Amino acid sequence: MIAHHVRVPDDPLIARLVGVHKRFAGGPPVLAGVDLDFRRGETTVVLGPSGAGKSVTLKHIVGLVKPDAGEVYFDGTRIDTLSERRLNRVRTRLGFLFQLGALFDSMTVAENLAFPLREHTDARAGERSARVEEALALVDMAGAGPKMPAELSGGQQKRIALARAIILRPTLILYDEPTTGLDPARADGINDLIIKLQRELEVSSIVVTHDLASATRVGDRVVVLLDGLVAADGSMDEIRASTNPAVRGFLAGRYGDQDAAMAAATEDRDGRET
């Protein structure tokens, strides 16, 4: 087992969940003993129906949620036992694209992007401006700095939120339903960006989605979560070839509709996952 808080040199894994259990407010288990490794340099897609624990998995990795039991590691360091101060230092190496973008409506695009630099770095104004322009160019939004979020389309807001997620030059980018609410053309644009950033920034990525087309496009590896456990793990072709009836039912859109709806309603009430 990895020693607590010790960085393991040349660790091939960027993140790990070991026997992770989680439930909310006495409800059914959201994660029921998940063992899951995320390999460095890959884009891992996590698929599953609503309420399967996809977003909760991401929130464990970024430390927004702590497990009821089990262990969570990032880059060789166990993080679920860290103090908030030490966890905040870890978070500067994680980029998180929230499902709804979570931009500050009262700030311009440039101010949104500069905010993490102000909070977590000693960068002077000139360097902050340069890094903001660099991040905007990477997401094909050069020149958008003076605009307000309300002036942008949904797809453009996602791009700005992604620019903010990479502004601190993270090691790992976490995407929570990045194509939700976008039409197919704009969703394809976000998929292209995920691939582009993976290549140009040489980061690792974890993409939570229910979008099979997106999973096929961006994923080096695909994991299917069902009933709080890993039901399948492999390439998209291997997932499609699975003989597991539950996995096949999910891919066909027939997996546990009633149970999934109940789980989703429970978690929506608690504000935990959509």
Side-chain angles (χ1 to χ4, degrees), residues 55 58-59 61-65 74 79 84-183 185-209 218 271-274:
S55 293
L58 287 190
K59 290 173 183 176
I61 294 169
V62 79
L64 294 174
V65 169
F74 167 68
I79 64 169
E84 192 65 20
R85 181 176 61 85
R86 296 184 68 182
L87 188 55
N88 280 335
R89 289 204 299 267
V90 170
R91 287 181 180 137
T92 64
R93 301 178 55 218
L94 292 160
F96 199 127
L97 179 64
F98 292 91
Q99 183 174 337
L100 299 178
L103 296 174
F104 298 115
D105 292 337
S106 60
M107 294 183 179
T108 66
V109 165
E111 290 168 341
N112 265 279
L113 268 62
F115 184 80
L117 296 173
R118 289 179 180 275
E119 292 291 302
H120 300 294
T121 77
D122 297 323
R124 295 181 180 274
E127 183 182 352
R128 289 198 302 267
S129 295
R131 288 179 63 173
V132 165
E133 290 305 318
E134 177 186 39
L136 288 174
L138 274 170
V139 300
D140 302 322
M141 289 293 292
K147 294 186 177 182
M148 301 298 291
E151 299 178 67
L152 305 175
S153 69
Q156 289 173 328
Q157 289 186 26
K158 281 283 178 84
R159 288 172 180 266
I160 298 305
L162 184 49
R164 188 177 62 184
I166 64 173
I167 197 75
L168 293 178
R169 299 168 180 165
T171 306
L172 173 64
I173 303 176
L174 307 173
Y175 299 85
D176 191 3
E177 299 282 6
T179 60
T180 293
L182 302 181
D183 61 53
R186 288 184 172 85
D188 280 346
I190 295 298
N191 291 332
D192 288 341
L193 270 182
I194 293 172
I195 296 167
K196 175 184 177 180
L197 295 177
Q198 180 79 6
R199 180 180 65 249
E200 296 192 13
L201 301 182
E202 298 182 343
V203 294
S204 308
S205 304
I206 303 173
V207 181
V208 155
T209 187
V218 307
R272 302 297 183 179
E273 179 182 60
T274 55

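Since we're looking at a predicted model, the values are computed, not measured. Below, each value reflects all heavy atoms present in this structure, side chains not excepted, and no hydrogens, waters or symmetry copies.
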Flag the pair [X] / [Y] as yes when at least one side-chain heavy-atom distance between them is below 4.5 Å, and no otherwise.
{"X": "R91", "Y": "L64", "answer": "yes"}
{"X": "K196", "Y": "D140", "answer": "yes"}
{"X": "L201", "Y": "L138", "answer": "yes"}
{"X": "E133", "Y": "L136", "answer": "yes"}
{"X": "P178", "Y": "V207", "answer": "yes"}
{"X": "V109", "Y": "M141", "answer": "no"}
{"X": "L193", "Y": "Y175", "answer": "no"}
{"X": "S204", "Y": "L172", "answer": "yes"}

Any idea which heavy atoms bring [X] and [Y] closest together, and the distance?
{"X": "L168", "Y": "P116", "answer": "CD2-O, 3.9 Å"}
{"X": "T209", "Y": "E177", "answer": "CA-OE1, 3.3 Å"}
{"X": "L152", "Y": "K147", "answer": "CD2-CD, 3.8 Å"}
{"X": "P170", "Y": "A165", "answer": "CG-O, 3.6 Å"}
{"X": "A163", "Y": "L113", "answer": "CB-CD2, 3.7 Å"}
{"X": "D183", "Y": "R186", "answer": "OD2-NH1, 2.6 Å"}

Separation of [Y] [atom2] from [X] [atom1] (nearest 0.5 Å):
{"X": "Q157", "Y": "L182", "atom1": "CD", "atom2": "CG", "result": "10.0 Å"}
{"X": "D122", "Y": "E127", "atom1": "CG", "atom2": "CD", "result": "9.5 Å"}
{"X": "M148", "Y": "M107", "atom1": "CE", "atom2": "CE", "result": "9.5 Å"}
{"X": "T171", "Y": "F74", "atom1": "OG1", "atom2": "CZ", "result": "5.0 Å"}
{"X": "T179", "Y": "I190", "atom1": "OG1", "atom2": "CD1", "result": "8.5 Å"}
{"X": "L97", "Y": "R159", "atom1": "CG", "atom2": "CZ", "result": "12.0 Å"}

Exactly one of K158, E111, R164 clears side-chain contact (heavy atoms from CB on, under 4.5 Å) with L103, and that residue is R164
Checking T121, N112, L117 against I167 for side-chain contact (heavy atoms from CB on, under 4.5 Å), the one that qualifies is L117
> Heavy-atom count around R89 CZ within 6.0 Å, excluding the residue itself: above 12?
Replying inline: yes
inquiry  = With a 6.0 Å cut-off (strictly less than), is the heavy-atom count around CD of E202, excluding the residue itself, greater than 12?
reply    = no
| task | Give the C-alpha distance, both sets of side-chain angles, the deciding distance and a yes or no for side-chain contact (heavy atoms from CB on, under 4.5 Å) between L162 and L197. | result | CA-CA 10 Å; L162 184 49; L197 295 177; 3.6 Å; yes
Q.
Could you tell me if R85 and N88 have a donor-acceptor pair between their side chains, going purely by distance under 3.5 Å?
A. no
